[in-house]
Amino acid sequence: MSAYDIVLKSREKGRPTAAKYIKNIVEDFLELHGDRRYADDRAIIGGIGYVAGRPVTVLGIEKGEDTNDKIAHNFGCAHPEGYRKAVRLMKEAEKFHRPVLCFVDTSGAYCGIGAEERGQSEAIANSILEMIRLKTPALSVIIGEGGSGGALGLCAADEVWITETSTYSVISPEGCASILWKDSGKVAEAAERLHLTAQELLKLGAVERVIEEKGFSTEFYEGLKADIAAFFAKKCTESGDELIAARYARFRKF
Amino acid sequence: MSFNFNDIKKLFIRKPKNTLEGTENSEQPTNDSEAAHIPDKLAEKCEKCGQIVLSAEMEENFNVCPKCGHYKKMTARARIGMCAENFSELFADVEGKDILDFPGYAEKIAALREKTGEKEGVVCGTGEIGGVQCAIFSMDYRFLMGSMGHAVGEKIARTFEYATEHKLPVVGFVLSGGARMQEGIVSLMQMAKTSAAVAKHGEAGLLYVAVLTDPTTGGVSASFAFDADIILAEKGALIGFAGPRVIEQTIRQKLPEGFQRAELLQEKGFVDRICERKDMKETLAAILKLHCAEVSE
Ligand SMILES: [Zn+2]
């Protein structure tokens with residue numbers, strides 16, 4: 001598959017969204033709403049539950065399934081309130097020593113008047129800053145599109161995993177082609193040049209693990225769940241300071 | 001000034017208006033018919049009002065157009081020079097890498113180095129502001145509008161690490177159009193890398209003051225720009241996550257006047273204080289002074 005084929009696949013209709021992952025991996029999920037500042041942003045869902053019996057805090061950038069659902073979740077494009085809710089729930093996880101699990105799938109943070117006026121930059125900056133110094137383990141799994149700063153806001157984790165037909169990029173290939181080359185016909189080339197596919201990201205060290213999708217079968221979710229449980233079992237033995245030091249080194253290498 | 005602009009102008013050969021360099025735009029006043037062709041370093045044309053201004057006068061006025069009040073963009077070093085004394089550069093050798101072998105990128109960087117005399121889009125070091133020793137970084141618009149790739153992120157992260165080690169406050173002059181897309185994911189990772197270094201500096205109880213200048217957008221605005229303890233913004237600066245054109249395309253409507261400008265951000269609660277360029281040095285000095293004041297009972 002070419003890079004651009006993977007881009008299309010990462011956005012494909014019917015692809016499982018964060019809610020589906022949570023349903024299949026997190027037991028007894030209890031959704032918690034709101035940023036306690038302004039609103040509840042449905043583009044980022046969050047809550048508590050168990051992974052293989054271990055209490056966790058879960059966050060997911062949710063694109064929605066059918067048309068109404070997509071509208072309700074703003075197509076997975078979060079406003080500042082989404083990132084503020086994420087930080088609130090991460091800090092809560094830290095307080096109660098439970099790991100944070102994020103499912104990331106967004107074309108990017110929302111661009112609009114309200115988002116700007118309520119501090120989109122500040123919200124994302126703060127989410128990165130708080131996540132990177134979290135004293136509890138954090139794992140992010142990119143399950144579709146990892147769109148720029150809006151994705152990074154939930155990817156300042158101990159490790160970042162990605163499913164095999166997902167992408168993670170500083171800019172969409174469309175944006176790159178039009179800004180850099182003023183030629184929307186060069187989208188496929190931009191996708192290639194940006195090295196945004198799972199395998200390329202692994203080579204660059206931007207992700208630690210590429211997960212086989214196995215047609216999003218039961219086997220796929222069971223395998224991913226076991227890997228997540230094993231990861232948390234290992235990371236939960238580390239102190240807060242050790243986690244922060246390792247996270248610092250993870251990003252410092254770039 | 002001790003001499004009049006009209007007197008100086010007579011010294012130069014008049015040329016028809018259409019040979020003037022610079023961007024012609026509809027906002028340009030019609031009364032500049034006597035505009036002369038003037039050698040580069042003596043006079044310049046304001047990019048906003050289009051009027052000819054003596055360079056010496058422009059500089060004396062803190063690079064603010066004396067005719068219309070427009071803030072001319074300043075190079076990284078000019079900005080440091082305006083606010084700091086005894087500047088000593090650090091990390092000057094850090095260079096970017098064309099890690100993705102991106103078409104045309106290496107050539108572009110080489111040409112910019114040649115043109116600007118800078119290796120990358122940020123200048124870092126130590127200096128004194130109002131007598132207080134601090135670490136300083138200053139971003140340069142001439143280098144792909146201060147976009148952040150490996151070298152920019154690395155120099156900024158090192159500045160915070162150096163400041164943490166030497167217990168210094170950091171003053172950062174921020175200017176950036178966002179991420180350096182030619183470096184792909186490595187560019188995005190700079191946001192996390194710089195944020196981590198800022199966090200460590202902050203945890204050591206040290207002060208970080210950011211001065212947001214025109215423009216501060218994208219990945220830089222969504223990382224270290226908004227991580228500061230005190231955020232000053234230069235009058236009129238464009239500050240935002242997405243660029244105005246991207247927003248207009250997304251929402252399919254015109255943006256209101258003053259949207260994403262420093263004044264609106266102060267009103268909405270996201271910057272501590274708007275600062276005029278002429279007051280920048282004094283304001284920074286006052287902030288730094290308060291943070292190192294020792295109270296005798
Ligand atoms: Zn002017």
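Letters go in sequence order (proteins before strands), and every chain restarts at 1.
- Nearest heavy atoms, A:Phe251 versus B:Ala192: CD2-CB, 3.4 Å.
- Counting heavy-atom pairs closer than 4.5 Å to chain B, the top-ranked of the candidates A:Leu201, A:Leu194, A:Val170, A:Ile171 is A:Val170.
- Between chain B and the residues A:Gly119, A:Gly108, A:Cys176, the most heavy-atom pairs under 4.5 angstrom are made by A:Gly119.
- Between chain B and the options A:Gln120, A:Met131, A:Arg193, A:Glu189, the largest number of non-hydrogen pairs under 4.5 Å is found for A:Arg193.
- Atom CD1 in A:Ile113 sits 5.5 Å away from atom CZ in B:Phe259 (nearest 0.5 Å).
- Separation of atoms CZ (A:Phe254) and CD (B:Gln190) is listed at 8.5 Å; rounding is to 0.5 Å.
- Counted within 6.0 Å of NZ on B:Lys73, heavy atoms from surrounding residues, nucleotides or ligands total more than 12; the atom is thus considered enclosed.
- Between A:Ala125 and B:Ser223 the shortest heavy-atom distance is CB-O, 3.4 Å.
- Chain B forms more heavy-atom pairs under 4.5 Å with one residue of A:Cys155, A:Ala206, A:Ser148 than with any other, namely A:Ser148.
- At a 4.5 Å heavy-atom cutoff, A:Leu196 makes no contact with chain B through either its backbone or its side chain.
- Heavy-atom minimum distance, B:Ile247 versus A:Gly112: CG2-CA, 3.9 Å.
- Only the side chain of B:Lys200 has a heavy atom closer than 4.5 Å to any heavy atom of chain A.
- Both the backbone and the side chain of B:Ser221 come within less than 4.5 Å of a heavy atom of chain A.
- In this structure, A:Arg252 pairs ionically with B:Glu161, as a charged nitrogen and a carboxylate oxygen lie closer than 4.0 Å.
- More than 12 heavy-atom neighbours from other residues, nucleotides or ligands sit within 6.0 angstrom of NZ on A:Lys91.
- Contacts of A:Ile132 with chain B are made by side-chain atoms alone, with heavy-atom separations under 4.5 Å and no backbone atom involved.
- To the nearest 0.5 Å, the span separating NZ on B:Lys268 from CZ on A:Arg118 amounts to 9.5 Å.
- We find the CD-SG distance between B:Gln249 and A:Cys111 to be 10.0 Å, quoted to the nearest 0.5 Å.
- Heavy-atom distances place no part of B:Glu183 under 4.5 Å from chain A, backbone and side chain included.
- Looking only at side-chain heavy atoms (C-beta outward), A:Ser169 and B:Met181 stay at 4.5 Å or farther from each other.
- The closest side-chain heavy-atom distance from A:Asn126 to B:Phe226 is not below 4.5 Å.
- B:Phe102 places a side-chain heavy atom less than 4.5 Å from the side chain of A:Leu180.
- Contacts of B:Glu248 with chain A are absent, with no heavy-atom separation under 4.5 Å from either backbone or side chain.
- With a threshold of 4.5 angstrom between heavy atoms, A:Ala156 does not approach chain B through any atom at all.
- Other residues, nucleotides and ligands place more than 12 heavy atoms under 6.0 Å from the CD atom of B:Gln253.
- Across B:Ala179, B:Gly178, B:Ala197, the residue that shares the most heavy-atom pairs under 4.5 angstrom with chain A is B:Ala197.
- Contact detail for B:Met191 and A:Gly149: the closest heavy-atom pair is CE-CA, 4.2 Å.
- Taken to the nearest 0.5 Å, the CG atom of A:Leu152 stands 8.0 Å off from the CD1 atom of B:Ile185.
- Contact annotation for B:Arg245: neither backbone nor side-chain heavy atoms come within less than 4.5 Å of a heavy atom of chain A.
- A:Glu122 places no side-chain N or O within donor-acceptor distance of the main-chain N or O of B:Ala222, the cut-off being under 3.5 Å.
- When every heavy atom of B:Pro103 is checked against every heavy atom of A:Trp181, the shortest pair comes out as CG-CZ2, 4.3 Å.
- Formation of a donor-acceptor pair under 3.5 Å by the A:Glu116 side chain with backbone atoms of B:Gln260 is not found in this model.
- No more than 12 heavy atoms of other residues, nucleotides or ligands lie within 6.0 Å of NZ in B:Lys254, so this atom counts as exposed by the packing criterion.
- If you take CD1 on B:Ile99 and NE2 on A:His195, they are separated by 9.5 Å, rounding to the nearest 0.5 Å.
- Of the two parts of B:Leu100, the backbone and the side chain both hold a non-hydrogen atom closer than 4.5 Å to a non-hydrogen atom of chain A.
- Each of B:Ile231, B:Asp227, B:Leu255 has some count of heavy-atom pairs under 4.5 Å with chain A, and the biggest count is that of B:Asp227.
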